[in-house]
Amino acid sequence: MEFVFVSGSASLDFVGTVRSRRDAPLDSLTTPGDLAEWTVASGMLDAPPPVTEADLASAVRLREAIHRLMLASIGGSPLPAEDCGILNRATVRVPVRRELQPDGTLLRSGSVRAVLATLSHDAVDLLTQWPTLVKECAAPNCTRLYVDRSRRSSRRWCDMMRCGNRAKAATHRSRHHV
């Protein structure tokens, strides 16, 4: 499974495990194994944790709540109470344990619940401290959310190599079409 990490936020990269949400949704987390793999690929954990079907269902429920909360925030709408509840319930769990090792490396360990707690804390921070920095990609078929930390808050695409490049190429073709 190929996961993409371009959002500038663990919780937004987690939301990004569903691509093309508007027209042809493609979910990268369809099995417990996918979720276990994502926890390592994302750098949340050093080793894949055991994941049950119930864990996967909880993760998907949290992912979708974070997505709806971010879209409401971007649109200036009130945050859905039910989604706030889902997020808040995840924040009370113990987050991923991060231990500095004597050699300067970082050891990251925990359960799926710890990963979900860490993701929920990240989402809460975005929604409360930097809500104006969260944007949705301007590419027509992309629904990825990202944190815009550009100097002038002018970033338009989730990833310049993918969506930005495609948009610029399309603009170039339209200008030079014979």
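Taking 4.5 Å as the limit, some side-chain heavy atom of Pro32 sits within range of a side-chain heavy atom of Glu53. Side chains of Ser28 and Glu2 form no contact here, defined as non-hydrogen atoms less than 4.5 Å apart.
No hydrogens or angles considered: nothing links the side chains of Ser20 and Asn141 as a donor-acceptor pair under 3.5 Å. For the 3.5 Å distance criterion, the side chains of Ser11 and Ser9 qualify, holding a donor opposite an acceptor. Side-chain contact annotation: Thr52 with Asp55, donor-acceptor N/O pair under 3.5 Å present.
Linking ILVMFWY residues whenever their side-chain heavy atoms come closer than 4.5 Å, directly or via other members, places Val147 and Phe14 in the same cluster. Under the 4.5 Å side-chain heavy-atom criterion for grouping Ile, Leu, Val, Met, Phe, Trp and Tyr, Val115 is connected to Phe3 within one hydrophobic cluster. Leu29 and Val40 end up in different hydrophobic clusters when Ile, Leu, Val, Met, Phe, Trp and Tyr side chains are linked at under 4.5 Å. The cluster map of Ile, Leu, Val, Met, Phe, Trp and Tyr, joined by side-chain heavy atoms under 4.5 Å apart, puts Val18 and Ile86 in different clusters. Both Leu79 and Ile74 are members of a single hydrophobic cluster when ILVMFWY side chains are connected at heavy-atom separations under 4.5 Å.
Here the CG atom belonging to Asp13 is positioned 13.0 Å from the CZ atom belonging to Arg63, to the nearest 0.5 angstrom. Rounding to the nearest 0.5 Å gives a distance of 7.5 Å between OG1 of Thr105 and CG of Leu100. Rounded to the nearest 0.5 angstrom, Leu71 CG and Leu145 CG are separated by 5.5 Å. Note that the NE2 atom of His67 and the CG atom of Leu62 stand 13.0 Å from one another [nearest 0.5 Å]. Once rounded to the nearest 0.5 Å, the distance linking CG of Asp148 with NZ of Lys135 reads 3.5 Å. The distance from atom CG of Leu12 to atom CZ of Phe5, rounded to the nearest 0.5 Å, is 12.5 Å.
In plain terms, the two heavy atoms of Leu87 and Ala123 that are nearest each other are CD1-CB, 3.9 Å. The two residues Thr143 and Arg19 make their nearest non-hydrogen contact at OG1-C, 4.3 Å. Nearest approach of Ser120 to Ala90, heavy atoms of both residues: OG-C, 3.4 Å. Nearest heavy atom pair, residue His121 against residue Ala117, reads CD2-O, 2.8 Å. Annotation for Ala72 and Pro78: closest pair CB-O, 3.7 Å, computed over non-hydrogen atoms.
For Arg93, the CZ atom is densely surrounded, since the number of other residues' heavy atoms within 6.0 Å is greater than 12.
Looking at Ser73, its side chain never comes within 3.5 Å of a backbone N or O of Leu69 through a donor-acceptor pair. Checking side-chain atoms of Asp125 against main-chain N and O of Asp122 turns up no donor-acceptor pair under 3.5 Å.
Here salt bridge (charged side-chain N to carboxylate O under 4.0 Å, His left out) pairs that include residues 65-91, with residues two or more places apart or in two chains, are Arg68-Asp83. Each side chain to side chain donor-acceptor pair (under 3.5 Å) pair with one or both residues in residues 38-51, not counting sequence neighbours, appears once here: Asp46-Arg108.
Taking a cutoff of 4.0 Å between a charged side-chain nitrogen and a carboxylate oxygen, Glu64 and Arg21 qualify as a salt bridge. The pair Arg22-Glu136 counts as a salt bridge, with a side-chain nitrogen and a carboxylate oxygen less than 4.0 angstrom apart.
None of Thr17, Thr30, Leu56, Val60 except one satisfies the side-chain contact (heavy atoms from CB on, under 4.5 Å) rule with Leu35; the exception is Leu56.
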